[in-house]
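Heads up, the thing below is written out as structure tokens.
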Amino acid sequence: MSTPTTDAAAPAGAAASGSAKTPPPPLVPSTTSAERLALAKKYGLRPLNVRPPLGEYIRDLVGRWAFIRVLATSTAYARNQNNYLGQLWAVLNPILNAAVYVLIFGVLLKLSRDVDNSIAFIVIGVFMYRFVEASVTGGAKSISGKTQLLRSLHFPRAVLPISTVLSLLTTLIPAIVVMCAITLLSGFLPTYEMIHVTWWWLLLPAAVALMWIFNTGLAFIMARFVASTPDIENVLPFVMRVVMYASGVIFPVVSYVERLEIPEASKAVVGGVLEYQPVAVYLYLVRSVLMQEEEMFPHSGLMWVLGAVWAVVFFVIGFVVFWRGEERYGRD
């Protein structure tokens with residue numbers, strides 16, 4: 001009578017008898033690496049998450065302009081979609097902020113007493129500065145908050161900060177109309193001189209366009225730095241608050257520099273830095289166009305040149321800085 005073979009003994013017996021299956025040989029590519037690279041180049045394939053050359057990157061980005069425009073408009077529409085007043089908040093938010101600053105700094109503290117029309121001064125400053133502030137904070141979140149999208153699709157990452165600032169520009173346009181209306185209506189108050197619509201108002205789109213280019217450069221820089229160091233995003237609100245007061249958004253900061261008890265040489269340096277830094281330059285341009293205060297905001301060709309220089313310098317530097325980190329976005 002034979003004894004049945006156990007499960008544990010079966011493999012050993014099979015191995016002893018030489019009937020065990022040997023693993024298949026490893027797969028060896030039939031082409032060399034050089035041949036595979038040549039095939040990829042022939043059919044327009046390229047490795048993912050590798051930074052392309054700058055010229056190729058720019059061409060790819062320009063070719064996606066339609067996608068950038070659609071993404072920007074959809075983002076702008078979705079920003080206030082769940083609110084009862086909807087897109088009206090794009091206008092109400094800056095109006096309410098301006099009203100608070102006018103009440104506190106213009107009426108109660110009277111910090112804008114050096115300006116003939118403090119209402120127009122503060123309203124223009126608040127409306128335009130919010131465009132800068134929102135571009136910085138939006139650019140900071142354009143990469144760090146979209147990790148899943150970056151890992152799912154292949155596209156130039158610069159699409160995201162560009163579309164972010166463009167969406168803010170679309171919501172700024174109706175706010176600018178309201179800003180101009182408030183500026184005009186402020187001239188009807190008994191203590192202020194009348195403000196008239198002049199040919200200089202035609203330069204307002206040029207000032208806003210320069211500001212848009214400058215803000216896009218800022219968004220590039222913030223997107224790169226926050227993507228690599230997320231802690232920077234927590235410091236941004238405090239930095240932007242300092243920039244607001246140093247840019248003359250609420251009161252003419254240069255006038256207060258003259259009252260500081262410091263040497264005259266130091267006053268000239270500090271006043272020059274505060275007056276010719278980018279945000280202050282763009283606020284000056286808008287105020288010189290809309291307000292008829294030739295004494296404080298005379299029409300200056302130097303300011304327009306500085307506005308163009310700041311816009312180009314920040315956009316180019318920001319774009320190159322952002323491009324150099326292209327392969328790291330979504331992977332860090």
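All values below were derived from every heavy atom in this structure, side-chain atoms included, with hydrogens, water molecules and symmetry-related copies excluded.
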Going through the distances and angles, do Leu166 and Leu169 end up as a side chain to side chain contact (heavy atoms under 4.5 Å, CB included)?
-> CA-CA 5 Å; Leu166 186 59; Leu169 179 65; 4.2 Å; yes
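- Side chain of Tyr276 to main chain of Met303: no donor-acceptor pair is present (N/O by atom type, distance under 3.5 Å, no hydrogens or angles).
- Annotation: side chain to side chain contact (heavy atoms under 4.5 Å, CB included) contacts of Val305 (sequence neighbours excluded): Val309.
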For residues 240-250, dump all side-chain donor-acceptor pairs below 3.5 Å to protein atoms at least two apart in sequence or in another chain.
| residue | atom | partner | partner atom | Å |
| --- | --- | --- | --- | --- |
| Ser247 | OG | Val243 | O | 2.6 |
| Ser247 | OG | Gln277 | NE2 | 2.8 |

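- Scored by the side chain to side chain donor-acceptor pair (under 3.5 Å) test, Tyr192 finds Ser118 as partners (sequence neighbours excluded).
- For Trp201, there are no ring pair (Phe, Tyr, Trp, His ring centres under 6.0 Å) partners, not counting sequence neighbours.
- Hydrophobic clustering, defined by side-chain heavy atoms of Ile, Leu, Val, Met, Phe, Trp and Tyr closer than 4.5 Å, groups Leu202 together with Trp199.
- By the side chain to side chain donor-acceptor pair (under 3.5 Å) test, Ser167 is found to be paired with Arg79, residues two or more places apart in sequence or in another chain being considered.
- Residues meeting the side chain to side chain contact (heavy atoms under 4.5 Å, CB included) test with Ile232, sequence neighbours left out: Met222, Phe225, Val226, Thr229.
- Using a 4.5 Å cut-off between side-chain heavy atoms of Ile, Leu, Val, Met, Phe, Trp and Tyr, Phe238 forms no hydrophobic cluster with any other residue.
- With sequence neighbours left out, Glu295 forms a side chain to side chain donor-acceptor pair (under 3.5 Å) with no residue at all.
- The side chain to side chain contact (heavy atoms under 4.5 Å, CB included) check on Pro53 picks up Glu56, with sequence neighbours excluded.
- For the pair Leu302 and Leu306, the minimum side-chain heavy-atom distance is below 4.5 Å.
- Considering Val208, Val177, Asn215 in turn, Val208 is the only one that fulfils the side chain to side chain contact (heavy atoms under 4.5 Å, CB included) rule with Leu172.
- Residues that satisfy the side chain to side chain contact (heavy atoms under 4.5 Å, CB included) test with Val286, not counting sequence neighbours, are Ile124, Met128, Met179, Leu204, Ala207, Leu290.
- One N or O on the side chain of Glu293 and one on the backbone of Asn117 form a donor-acceptor pair closer than 3.5 Å.
- Glu326 places a side-chain N or O within donor-acceptor distance of the main-chain N or O of Arg157, the cut-off being under 3.5 Å.
- Remark: Trp310 pairs with Phe314 by the ring pair (Phe, Tyr, Trp, His ring centres under 6.0 Å) rule, at least two apart or across chains.
- Using a 4.5 Å cut-off on side-chain heavy atoms (C-beta onward), Thr216 and Ile162 make contact.
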